[in-house]
There are 2 protein chains.
Amino acid sequence: MGSRTQIDGLIDMSLQADGVEGIQQLCSAISETYGFDHFIYGASFPTSLIKPFVLVISGHPDAWRNHYQAHGYLAVDPAVQHCTRSIRPLIWQDLTLDPKIDEKPFTVMEEARQFGLVSGASLSIRGSRGEVGVLSFSSERTAWQTRPEIDGAIPDLYLLSAYVHEAVGRLLTQGSLPFNPPELTTRERECLLWAAEGKTSWEISRILGISERTAIFHLQNAARRLNASSRQQAVALAVSQGLISLQLG
Amino acid sequence: MGSRTQIDGLIDMSLQADGVEGIQQLCSAISETYGFDHFIYGASFPTSLIKPFVLVISGHPDAWRNHYQAHGYLAVDPAVQHCTRSIRPLIWQDLTLDPKIDEKPFTVMEEARQFGLVSGASLSIRGSRGEVGVLSFSSERTAWQTRPEIDGAIPDLYLLSAYVHEAVGRLLTQGSLPFNPPELTTRERECLLWAAEGKTSWEISRILGISERTAIFHLQNAARRLNASSRQQAVALAVSQGLISLQLG
DNA sequence: TGCGCAACTGTAACACCTTACAGTTATAGG
DNA sequence: CCTATAACTGTAAGGTGTTACAGTTGCGCA
């Protein structure tokens, strides 16, 4: 239950994990170390608000994955719901679901049990580029049996979820995944920042000391790089991907 | 070093913490429990990208706070820099700062030592409404003395940083702070979401099955509620505050 | 020297957003 | 019953964004 060598070894492993397989092995190792039977990592990268790039690294039984996807459970999964609304870890047992009011979420957890995901916990993940994710671990044993050890493992698991996600972040910048975050020039970021503040092209040109045409030029280039079809979308993407540096002060 | 009763007590305290004073006491308790002398919590809420609402709850010596603010160290503080770029905890000792290249960050840490912040760690915080924050704990003892216990405390501290931030989130919704996140109607959120996707008023009207004038109407109302002076700014604020639900799939 | 690229500038037509005017319908709460 | 609010619709003038045209300057790199 959290001796120093345990988590240190897993952190080292996370810093070296390479490729999707490396992260799969890392999650497997974490899962085993803390006495779980299954895991799943899922994260959403805001390439688009409507259709984000989603990466799932699954250590779930195939039967459950197929059932889950076929029924569109992602939209009603109470663990996912919790992790998008809160940054606190969730121990599944703590969910208070009324079968009448929360019918669908209740069904998801009920059926998960039948597929061998009896007890478990979900860790909320939020990246520095607007990513929202979940890392869940589950056991085939009952909550009564696993509760004490899950309680004890939560701090370690929460920390490790950050390291797992950072390892995924490295995949992105290395280009191992079909989504590479665009790089903007200084001027493009400056123009986007002021556009996001509601300034017009002319106002931006006065702020930056350039001609109005040049401000328009930079904003167009930024939109092209972001695959945006309008200034509005460019602003939305830049903000959601954290490309516009919001100052801490 | 992390017996169950220790962190459980602090988590309970965080769930009941009320008001800024309650959170100040909570951070103090965490600091003492894990053998630190000072703490500081700082978070930035994206009311505006240029001028966000910033909340600081300080357990730092007044002399250091004044010195820090007078010299504008927030912009060059390497701990703050790290926490805005990464979600991993930072143990100050692990910073590799070259006095020649990283002159200003080096100076910040050097002077911090002279004010009694000798060794410590910073935990990155990211909230579900676009908040970016830092929770730091520091000791007057040297890194050599504190390293083992800091290493051991990191998982607990990282978890507690989430609970501290959630407690701050409760202050916001309770209206105890001079910033209340606006509430949008369903239609306003829908229109904003599609506007953020780069759709024009006419396209949004076709998607939602309403007249173009009505789409414009909802977007104007949304902009008014968000204190935005244009549709661009409304989109930027809605995205940065997480008011537009980006689906996990 | 040549190449790519960031940064810069201008004009013109057309599409789009903003503002201000003036309404209707339905639902929830005092 | 009255008020507030969500949701809905229309017109018109004027400001702003988008696209496509055609350039210049300066820097770093092969």
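For clarity, every value in this text was computed on a predicted model and none was experimentally measured. Numbers restart at 1 for each chain; the letters A, B, ... are given by sequence-line order, proteins then strands.
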Practice item. Please identify each residue that fulfils salt bridge (Lys or Arg N to Asp or Glu O under 4.0 Å) with A/D18, with sequence neighbours left out. Key: none

Practice item. Let me know the distance between CG of B/L219 and P of C/dC16, rounded to the nearest Å. Key: 15 Å

Point to revise | side chain to side chain donor-acceptor pair (under 3.5 Å) involving A/R126 - partner list, sequence neighbours excluded | key: none

Review point. Between B/H218 and D/dA6, does any side-chain N or O lie under 4.0 Å from OP1 or OP2?
Key: no

Review point. Within this structure, what is the CZ-to-P distance between B/F217 and C/dT25, rounded to whole angstrom?
Key: 16 Å

**Study point:** Selection: residues 194-214 of chain B, any non-hydrogen atom under 4.0 Å of DNA chain D
**Key:** B/I210, B/S211, B/R213, B/T214

Check your understanding: For the pair made of CZ in A/R224 and C1' in C/dC5, what is the distance, rounded to whole Å?
Key -> 11 Å

Practice item. Please determine if B/E203 and B/R206 form a salt bridge, counting it only when a charged side-chain N lies under 4.0 Å from a carboxylate O. Key: no

Exercise for review: Could you list the residues that satisfy side chain to side chain donor-acceptor pair (under 3.5 Å) with A/R85, not counting sequence neighbours?
Suggested key: A/Q81

**Study point:** Rounded distance in Å - CD1 (B/I216) to P (D/dA12)
**Key:** 14 Å

Review point. Taking CG from B/N221 and P from D/dA4, how many angstroms apart are they, rounded to a whole number?
Key: 16 Å

**Study point:** A/T186 side-chain N/O to C/dA6 phosphate OP1/OP2 under 4.0 Å
**Key:** no

Hey, can you pull the donor-acceptor pairs under 3.5 Å for the side chains in residues 69-79 of chain A, sequence neighbours left out?
| residue | atom | partner | partner atom | Å |
| --- | --- | --- | --- | --- |
| A/H71 | ND1 | A/H67 | O | 2.8 |
| A/Y73 | OH | A/E111 | OE1 | 2.8 |
| A/Y73 | OH | A/E111 | OE2 | 3.4 |
| A/D77 | OD1 | A/A79 | N | 2.9 |
| A/D77 | OD2 | A/Y68 | OH | 2.6 |

Review point. Using a heavy-atom distance cut-off of less than 4.0 Å, which residues of residues 225-233 of chain B contact DNA chain D?
Key: B/R225, B/Q232

Review point. Which residues pass the side chain to side chain donor-acceptor pair (under 3.5 Å) test with B/N221, sequence neighbours left out?
Key: B/R224

Study note, to complete from the structure: Residue set satisfying ring pair (Phe, Tyr, Trp, His ring centres under 6.0 Å) with B/Y41, at least two apart, ordered chain then number -> none

Study note, to complete from the structure: By side chain to side chain donor-acceptor pair (under 3.5 Å), A/R213 pairs with (sequence neighbours left out) none

